[in-house]
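Below: the structure, in structure tokens.
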2 protein chains.
Amino acid sequence: MGASKLSIHNEQQQLIAEIAKVLAHPARVAILEYIANQKNCICGDIVDEIGLSQPTISQHLQVIRKAGLLKGTFEGKRLCYCLNRERFEEFQELLNAFFHQTVVADCC
Amino acid sequence: MGASKLSIHNEQQQLIAEIAKVLAHPARVAILEYIANQKNCICGDIVDEIGLSQPTISQHLQVIRKAGLLKGTFEGKRLCYCLNRERFEEFQELLNAFFHQTVVADCC
DNA sequence: TATTATTATCGTAATATTGCAATATTATAA
DNA sequence: TTATAATATTGCAATATTACGATAATAATA
């Protein structure tokens, strides 16, 4: 039947997977990278930066935004937003917590 | 027409996306978590731990293995493997490098 | 060698993701 | 209010992912 069987995994596992999904496409990585490196808000010049169409960028941006990674105003003709650095760091910390959750052992 | 337009993104962006893809499914997170927390090698008791069928686990394990995250022997009736901690840490470091690659600025 | 236990592969179905053209929406400017 | 510029949504097509039953392959054991 396909498509993820979510119920059998715990919350932390789903959280990590959700975070990872945001980063799981090079276009979103590129968008995040671009946003993170702007000194000012982005007010409508992303489409020219990444080599994808406006609807496609819009979709990727929504994924990023729904993940809470954007901060700013999202109404009307001109968006004005930047990286939500607190959330960005939270992502990093949650991932690091996952990576640190290991019992160090020697085998193989 | 769909399906990623890889060529327009740079290598680092693709690398991050590839790493993230491995973590982008809760089953793989669960498998990695389980493997990481074993004191000894895994010799064939994963299927009972995660609530998925043997072929499905086998597929997820291959994704993890192809990412270089496993260490051990992979032949015959009994696999015997554990987490490749060096590679695991490399993943963590590459992700952290991405997260740190930002210009801190105040806006919005 | 034949049996058994374990993992891999194949085939197939369902769902998800990606991408863009066309169109709609929305806030600003004229 | 009417144009405009910018972003969002819709609809569709192509590809990717996920899942599992059936089967194959493989190594150890009898």
Side-chain angles (χ1 to χ4, degrees), chain A residues 1-9 13-14 17-32 34-35 41-67 70-82 108, chain B residues 1-9 13-14 16-32 34-35 41-67 70 72-82 108:
Chain A
M1 288 105 191
S4 56
K5 229 185 182 183
L6 292 173
S7 49
I8 59 170
H9 308 294
Q13 289 156 359
Q14 292 187 45
E18 264 176 47
I19 289 174
K21 267 189 190 174
V22 178
L23 305 179
H25 195 285
R28 287 194 291 272
V29 175
I31 292 171
L32 276 168
Y34 179 72
I35 295 173
C41 291
I42 312 280
C43 296
D45 49 353
I46 283 215
V47 177
D48 305 319
E49 295 297 327
I50 324 281
L52 292 166
S53 73
Q54 180 269 320
T56 303
I57 296 286
S58 183
Q59 276 181 17
H60 282 304
L61 262 179
Q62 276 211 30
V63 174
I64 292 170
R65 200 177 120 205
K66 280 181 182 164
L70 297 185
K71 208 163 98 174
T73 55
F74 304 97
E75 297 119 31
K77 172 176 145 187
R78 280 193 162 257
L79 308 190
C80 224
Y81 57 92
C82 58
C108 299
Chain B
M1 285 112 195
S4 54
K5 229 186 181 183
L6 291 172
S7 49
I8 58 171
H9 309 293
Q13 289 157 359
Q14 294 187 44
I16 294 292
E18 264 176 46
I19 288 174
K21 268 189 189 174
V22 178
L23 304 180
H25 195 285
R28 287 195 289 274
V29 175
I31 291 171
L32 276 168
Y34 179 73
I35 294 173
C41 291
I42 313 281
C43 296
D45 49 354
I46 282 216
V47 177
D48 306 318
E49 295 296 327
I50 324 284
L52 292 166
S53 74
Q54 180 269 320
T56 303
I57 296 286
S58 183
Q59 276 182 17
H60 283 304
L61 262 180
Q62 276 211 30
V63 173
I64 293 170
R65 199 177 119 206
K66 279 180 182 164
L70 298 185
T73 54
F74 304 96
E75 298 120 30
K77 172 175 144 187
R78 281 195 161 260
L79 306 190
C80 224
Y81 57 92
C82 58
C108 299

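Proteins get letters first, then strands, A, B, ... in listed order; numbering begins at 1 in each.
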In whole Å, what is the span from the [atom1] atom of [X] to the [atom2] atom of [N]?
X	N	atom1	atom2	answer
Ile8(B)	dG19(C)	CD1	P	7 Å
Leu70(B)	dT7(C)	CG	C1'	14 Å
Leu79(A)	dA8(D)	CG	C1'	9 Å
Leu61(A)	dT7(D)	CG	C1'	10 Å
Lys66(A)	dT7(D)	NZ	C1'	14 Å
Glu18(B)	dT17(D)	CD	C1'	16 Å
Lys21(B)	dT18(D)	NZ	P	9 Å
Ile50(B)	dA19(D)	CD1	C1'	15 Å

Taking side chain as C-beta onward, heavy atoms only, is Glu18(A) less than 4.5 Å from Val22(A)? no
Are any of the side-chain heavy atoms of Leu23(A) and Leu32(A) separated by less than 4.5 Å? yes
Tabulated below should be each protein N or O lying under 3.5 Å from an N or O of nucleotides 9-11 of chain C; please produce it.
{"residue": "dT9(C)", "atom": "OP2", "partner": "Gln62(B)", "partner atom": "NE2", "Å": "2.3"}

Residues two or more places apart in sequence or in another chain: which of them pass disulfide (SG to SG under 2.5 Å) with Cys80(B)? Cys43(B)
Of the listed nucleotides ([options]), which one gets closest to any side-chain atom of [X]?
X	options	answer
His60(A)	dT18(C), dT18(D), dC20(D)	dT18(C)
Arg65(A)	dT17(C), dT18(D), dA8(D)	dA8(D)
Ser53(B)	dT18(D), dC20(C), dC20(D)	dC20(D)

What heavy-atom pair brings Ile35(B) and Leu70(B) nearest, and what distance separates the two atoms? CD1-CD2, 3.8 Å
What pair of heavy atoms forms the shortest contact from Lys21(A) to Arg28(A), and how long is it? O-NH2, 3.0 Å
Quick one: is dG19(C) close enough that its OP1 or OP2 comes under 4.0 Å of any side-chain N or O from His25(A)? yes
Listed partners of Ala30(A) passing side-chain contact (heavy atoms from CB on, under 4.5 Å), at least two apart: Ile50(A), His9(B), Gln13(B)
Who passes side-chain contact (heavy atoms from CB on, under 4.5 Å) against Asp45(A), sequence neighbours left out? Tyr34(A), Ile42(A)
